[in-house]
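Below is one structure; the comments refer to it alone.
Throughout, protein chains are lettered first and strands after them, A, B, ... in sequence-line order, and every chain is numbered starting at 1.
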Number of protein chains: 2
Amino acid sequence: MATDRRRAILEGAARVIARRGVRGLRMEELATEAGVSTALIYYHFKDRAGILRHTLEFISDRADRYTSDQGEGEDGSEGGSEDGDDAVRELERSLLLEFQDLPEVRENSTAWGELRASAIFEPELRGDLARATLAWIHDVADLLGGIRPTAPAPALTASAERLTALLEGLSTRWLSGALPLTHARELTKEAVAVELERLAKID
Amino acid sequence: MATDRRRAILEGAARVIARRGVRGLRMEELATEAGVSTALIYYHFKDRAGILRHTLEFISDRADRYTSDQGEGEDGSEGGSEDGDDAVRELERSLLLEFQDLPEVRENSTAWGELRASAIFEPELRGDLARATLAWIHDVADLLGGIRPTAPAPALTASAERLTALLEGLSTRWLSGALPLTHARELTKEAVAVELERLAKID
DNA sequence: GTCTATAAAGCGATAGAC
DNA sequence: GTCTATCGCTTTATAGAC
């Protein structure tokens, strides 16, 4: 079916971009990967830029899903820590999802980083990217707000901006082999702790 | 002379990469930019990958220079703040150098980000990149050590890793038009403050 | 060392059949 | 909607003269 093929192409694009980068994305390789002809790609997506745009959208939707979807192994009752310990773990979990050596995660991180980097030279990618980034920052700010409910909103936003930008920086280092996964995770956890201390001090 | 041309090509490469990205680097455009023929580029650098490698080296040397070279407008006498206030400003200055809307800075940041991103797919860039990153982290850790001399070295390193990774993340956002320069500078300054608080607490 | 000219390959995109 | 076949431009890289 039409929709199936479309999806197959987008999934293939995410894989190829993760493997070769945006700069390495070749229509023919994508066609093979998705099990279709090159012509069909153009039928569904007009041109190369169209594929990139839709792949970005596809990727960020998928990331939303694996970020929120996580089935908790815990039962629903609040254990007893009054300082929002669960909320802290929830925030850490959400951020650390980026640092797992699973194909889908690697794929998402790589493609995201690639598209972010490409946006420097391809302004038509900027709109979607900005929207997705803003949504991410907002989610993280909400999680921080759950931990420090009385902290002022601008401070929450600033912390969220730093944490997400840090994650992007660390992620690029990880993917380029400059930073071991475990170390990336440690640095992230400490960053969370450090930002929470700051928020505690402020409110 | 031979060396002049070589240098002209590298300078041209930095400019073209900043303008078009690694992905958009065309031998012919580079040749024009550097005022030489395409053949000469191959004579001096073997192939496309060779240019990228040497440009990365060129860029990070140049960044070293503008990071340390800064002629101070102040006189040499220590003003009187005992808590290393000058050292704090020195650290901030050093980090904020990345966020200036000057051609050379934009060029360096863009090219650096591009090469870092390319390294995900071109392993032969990783060695130089890792060396340059390590040197940068080390410099920042030293500046932090100047402010908190009694803090343990691993804590200094961790803070330096976070600050530099954050800078790379913010820089990409700035260059892709997702973050205004002034905001990037504010977030950086706060990040320095936050990390210094953490170090103060530890030692 | 440097250039001009060009071979050789790569790659995006479309025409036209089914 | 999907494929096969291919056009035609772009781009890397080299040959050979000076």
Are the charged groups of [X] and [Y] less than 4.0 angstrom apart, N to O?
{"X": "B/R19", "Y": "B/E33", "result": "yes"}
{"X": "B/D4", "Y": "B/R7", "result": "no"}
{"X": "A/E186", "Y": "A/K189", "result": "no"}

Find the distance [X]:[atom1] to [N]:[atom2] and express it as a whole number of Å.
{"X": "B/H44", "N": "D/dA13", "atom1": "NE2", "atom2": "P", "result": "17 Å"}
{"X": "A/I9", "N": "D/dG1", "atom1": "CD1", "atom2": "C1'", "result": "11 Å"}
{"X": "B/E29", "N": "D/dT12", "atom1": "CD", "atom2": "C1'", "result": "15 Å"}
{"X": "B/I41", "N": "D/dT14", "atom1": "CD1", "atom2": "P", "result": "13 Å"}
{"X": "B/R7", "N": "C/dT2", "atom1": "CZ", "atom2": "C1'", "result": "20 Å"}
{"X": "B/F45", "N": "D/dA13", "atom1": "CZ", "atom2": "C1'", "result": "16 Å"}
{"X": "A/R5", "N": "D/dT2", "atom1": "CZ", "atom2": "P", "result": "5 Å"}
{"X": "A/R6", "N": "D/dT2", "atom1": "CZ", "atom2": "P", "result": "11 Å"}

Describe the nucleic acid contact of B/L25 in one word from base, sugar-phosphate, nothing, applying a heavy-atom distance below 4.0 Å. sugar-phosphate
Give one of base, sugar-phosphate or nothing for B/I51, where a contact means two heavy atoms less than 4.0 Å apart. nothing
Distance, nearest 0.5 Å, that separates CZ of A/F121 from CZ of B/R23: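 Reported value, rounded in 0.5 Å steps: 10.5 Å.
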Check side chain to side chain donor-acceptor pair (under 3.5 Å) between B/R53 and all other residues, then give those that pass, not counting sequence neighbours.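 Expected list: none.
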Side chain to side chain donor-acceptor pair (under 3.5 Å) against A/D139, all qualifying residues, sequence neighbours excluded: none
What residue among B/V192, B/L167, B/T188 forms side-chain contact (heavy atoms from CB on, under 4.5 Å) with B/L96?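 That would be B/T188.
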What nucleotide, of C/dC3, D/dC3, D/dG1, holds the atom closest to the side chain of A/Y43? D/dG1
Show the distances under 3.5 angstrom between N or O atoms of the protein and N or O atoms of nucleotides 13-18 of chain C.
from   : atom 1 : to    : atom 2 : distance (Å)
C/dA13 : OP2    : A/R48 : N      : 3.1

Looking at B/R26, I'd like to know whether one of its side-chain N or O atoms comes within less than 4.0 Å of OP1 or OP2 on D/dT10. no
